[in-house]
Amino acid sequence: MELAIILAAGEGTRMKSAKSKVLHKIAGRSLLGHVLHACDQLTPKRCVVVIGAHSSEVKEHLAQVAPKSATVLQSQRNGTGHAVRIALDSDHAKSITSGDVIVLAGDTPLLTGETLARLRKHHQSNGASATVLTAQLFDPHGYGRIVRDGEGHLEKIVEESDCTPSEREIDEINSGVYIFKVDQLRRALAKITSANAQNEEYLTDAIKVLRESGEKVSAFTVDDESEILGINDRSQLALCSALMRDRINDALMREGVSIVDPATTWIDLSVEIAPDVTILPGTTLLGSTIIETGAEIGPRTTLIDSEVGQNAKVFESFVRGAVIGYNAQVGPYTFLREGSELATGVRVGAYVEVKNSSIGEGSKVPHLSYVGDATIGRESNIGAATVFVNYDGVEKHRSEVGDHVRIGSDTMLVAPVTIGDGAYTAAGSVITEDVPAGAMGVARSKQRNVLGWVMRRRATTASAKAATKAQSKKSTSKKQKSTKSPSKKTAVKKVLAKKTAVKKAAVKKKSVKVKKSKRKG
Ligand code: UD1
Ligand code: CA
């Protein structure tokens with residue numbers, strides 16, 4: 001294939017969009033990108049894209065996705081024949097005098113490289129000067145019709161606006177994809193006029209011209225007519241998106257990925273998923289996301305440009321630009337942002353946000369926390385509602401937490417701050433200074449109870465009533481204790497006292513005896 005020409009100069013008026021129609025996306029790739037991708041499989045030596053409306057925007061996009069392609073500006077839309085002619089006459093193509101050229105439109109994203117390869121095979125094995133890709137449609141409305149002769153050979157293509165009533169009944173249509181011999185196409189285009197209902201140079205007229213000059217023209221019909229769907233409005237964009245989604249999901253399932261609900265699972269073409277990954281309903285996987293085997297994603301989870309390691313689980317979460325390690329668990333309701341790196345076995349739980357931070361092997365941030373610009377070591381636990389206070393209103397600062405650290409609930413770690421290995425912080429502390437290894441950082445005021453405050457200052461409230469009741473209960477139970485019959489304890493005391501009294505008395509007696517005997521002696 002010497003050359004590919006992609007027509008993309010159209011206004012795309014029905015999209016009602018500020019941006020070019022061919023730059024709208026399906027499965028993470030622009031419509032034009034899809035066409036280029038399919039076309040690539042024929043490895044054309046050169047590729048020329050005809051641009052018009054939104055030309056600078058389209059050019060910029062092409063520089064990113066297909067830097068080797070060239071563009072030709074069609075400043076006036078004089079029809080598809082005119083567009084191809086200026087492409088062939090441009091500096092990028094004028095030296096090409098033999099071989100084949102494929103012509104496509106920039107708004108048919110479902111066309112596959114396999115179909116184009118079969119079209120080429122058909123074209124070459126028939127020795128045709130032109131081959132048209134056609135489709136049999138239930139509703140051919142709006143398309144150019146394929147007119148065949150008595151023997152079933154392609155005769156011409158008639159635009160709907162130029163159709164006779166009987167031609168209008170034909171349900172075989174022109175997809176707008178063709179392969180031509182370059183030299184024959186040049187000759188044919190030179191003979192085309194704009195004497196038709198739309199006053200345009202129709203590329204489709206090249207078929208009639210070639211056939212009339214004795215050249216062989218051929219038609220090849222697609223198996224799956226959805227492949228040739230073109231996009232003109234937002235409904236067609238949504239329809240093609242859904243068809244592409246099914247195509248992507250089917251391919252993944254064939255490769256061993258479990259997708260529980262393909263209808264609610266949206267995966268970009270660029271995403272890589274290993275076999276034995278399970279994807280639960282309502283999940284969206286975008287960009288450069290990579291998921292390793294055994295991982296479980298969803299339900300209702302979005303992953304953008306992120307990596308998920310083997311056997312990791314991500315539930316009901318939103319993740320962008322993060323790396324989730326082997327066996328890690330994320331969610332439900334977790335927000336992982338750019339630069340979050342979770343090592344093996346890390347757990348990050350409900351209502352936790354992590355940004356630009358690394359969390360070491362086996363560490364946990366289970367509940368209601370913000371971890372921003374931090375490095376956390378291994379096997380540490382970050383208590384509920386901890387905040388890494390990383391922003392002083394002007395600049396962001398980093399914090400370091402060592403291995404086996406226990407951050408008490410509701411700790412504010414005011415960055416920059418370092419918590420040493422094995423250190424603790426007391427719940428509710430505002431930590432502004434480093435805590436050395438093994439130390440307990442306490443940074444909170446001592447508790448003081450103002451007794452009876454509620455009864456005095458909130459006397460009429462239910463709280464005061466409850467407190468008064470609790471107090472009176474306490475005092476009556478004290479009184480009851482004091483009026484009760486002597487307790488066991490007091491009984492024992494009495495017995496003991498008696499015993500000592502007896503002993504004392506005995507000692508006294510003895511000493512008296514001794515005294516007496518002394519006197520005797
Ligand atoms: C064209 C075909 C029709 C076919 C249909 C398939 C012609 C005359 N008709 O009709 O047989 O069934 O496609 O979708 O070719 N473009 C330019 N410059 C122009 C005109 C068009 O770049 O001057 C581009 C458009 O941006 C579009 C493509 O060519 O990408 C097709 O043009 P469009 O106006 O959509 O042609 P249709 O009338 O749909
Ligand atoms: Ca069209």
Side-chain angles (χ1 to χ4, degrees), residues 4-15 17 20-24 30-36 39 48-55 57-59 62 71-88 90 102-111 130 132-137 139-147 154-163 167-168 170-178 180 185 188-189 192-209 219 221-222 225-233 236 240:
I5 297 174
I6 300 175
L7 306 182
E11 292 281 349
T13 324
R14 279 175 283 169
M15 290 296 283
S17 177
S20 164
K21 174 171 81 175
V22 294
L23 298 191
H24 281 262
S30 70
L31 303 184
L32 186 54
H34 282 283
V35 176
L36 284 160
C39 193
V48 176
V49 182
V50 181
I51 57 175
H54 309 278
S55 62
E57 198 190 358
V58 179
K59 225 171 162 172
L62 280 168
T71 55
V72 169
L73 184 71
Q74 186 194 27
S75 35
Q76 272 210 312
R77 281 189 79 224
N78 294 332
T80 48
H82 175 253
V84 170
R85 189 154 58 76
I86 64 165
L88 285 173
S90 73
I102 183 165
V103 179
L104 313 105
D107 61 357
T108 52
L110 297 180
L111 206 56
V132 188
L133 184 67
T134 72
Q136 211 93 34
L137 291 191
D139 175 17
H141 176 81
Y143 288 95
R145 306 298 204 281
I146 299 296
V147 179
L154 175 63
E155 194 181 323
K156 59 179 175 179
I157 300 170
V158 184
E159 290 309 291
E160 181 159 274
S161 48
D162 301 302
C163 274
E167 284 170 341
R168 203 159 289 177
I170 298 170
D171 64 357
E172 189 183 8
I173 61 97
N174 168 26
S175 68
V177 179
Y178 325 76
F180 294 97
L185 178 59
L189 288 175
I192 283 168
T193 68
S194 44
N196 51 51
Q198 298 182 74
N199 280 317
E200 281 182 2
E201 290 179 38
Y202 289 165
L203 174 61
T204 46
D205 284 351
I207 300 298
K208 194 172 140 200
V209 170
T221 310
V222 285
E225 60 277 1
S226 74
E227 273 197 43
I228 61 105
L229 286 174
I231 290 173
N232 295 310
D233 58 33
Q236 288 166 336
C240 286

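Indexing begins at 1, ligand by ligand and atom by atom, following the structure's order. Owing to the predicted nature of the structure, the values given are computational and were not obtained by experimental measurement.
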Next on the checklist: If the cut-off is 4.0 Å to any non-hydrogen atom of A105, which atoms of ligand 1 fall inside it?
Outcome noted: 28 (C), 30 (O)
Item to check | Nearest heavy atoms of E155 and I207, plus distance in Å | outcome: O-CG2, 4.1 Å
Checklist entry - Which of these, L7, D162, N174, I157, has its nearest heavy atom closest to atom 12 (O) of ligand 1? => result N174
Item to check | Y143-ligand 1 polar pair, N/O distance under 3.5 Å | outcome: no
Checklist entry - At a 4.0 Å cut-off, with the gap strictly under it, does some heavy atom of G79 reach an atom of ligand 1? => result yes
Checklist entry - Can you tell if the side chain of L137 reaches within under 4.5 Å of the side chain of D171, non-hydrogen atoms only? => result no
Next on the checklist: Using side-chain heavy atoms (C-beta onward) and a distance below 4.5 Å, is I231 in contact with M15?
Outcome noted: yes
Next on the checklist: For I5 versus L7, what's the shortest heavy-atom pair and its separation?
Outcome noted: CG2-CD2, 3.8 Å
Next on the checklist: Taking R145 first and then E160, would you say they form a salt bridge - that is, a charged N and a carboxylate O separated by under 4.0 Å?
Outcome noted: yes
Item to check | V84 side chain near Y178 side chain, heavy-atom distance below 4.5 Å | outcome: no
Next on the checklist: Within ligand 1, which atoms have a heavy atom of G144 less than 4.0 Å away?
Outcome noted: 3 (C), 4 (C), 11 (O), 12 (O)
Next on the checklist: Just to be sure I read this right, does ligand 1 sit under 4.0 Å from the backbone of V22, its side chain, both, or neither, counting only heavy atoms?
Outcome noted: neither
Next on the checklist: Please confirm whether I173 approaches ligand 1 to less than 4.0 Å, judged on its heavy atoms.
Outcome noted: no
Item to check | Per atom 18 (N) of ligand 1, closest listed option by heavy atom (E160, Q74, R77, Q198) | outcome: Q74
Next on the checklist: Distance under 4.0 Å to a non-hydrogen atom of T80: what atoms of ligand 1 satisfy this?
Outcome noted: 7 (C), 8 (C), 15 (O), 20 (C), 21 (C), 29 (O), 31 (C), 32 (O)
Item to check | Nearest atoms (heavy-atom pairs only) where T108 meets V35 | outcome: O-CG2, 3.7 Å
Next on the checklist: Under 4.0 Å, counting heavy atoms only: does A8 come that close to any atom of ligand 1?
Outcome noted: yes
Checklist entry - Which bit of E159 is near ligand 1, meaning a heavy atom under 4.0 Å away: side chain, backbone, both or neither? => result side chain
Checklist entry - Which of the numbered atoms in ligand 1 are below 4.0 angstrom from a heavy atom of G10? => result 25 (C), 26 (O)
Checklist outcome for this item: Within the 4.0 Å heavy-atom cut-off, what A9 brings close to ligand 1 is both
Next on the checklist: Are the side chains of L203 and F180 in contact, using a 4.5 Å heavy-atom criterion?
Outcome noted: yes
Checklist entry - Testing V177, T221, N174 for side-chain contact (heavy atoms from CB on, under 4.5 Å) with L133, which one passes? => result V177
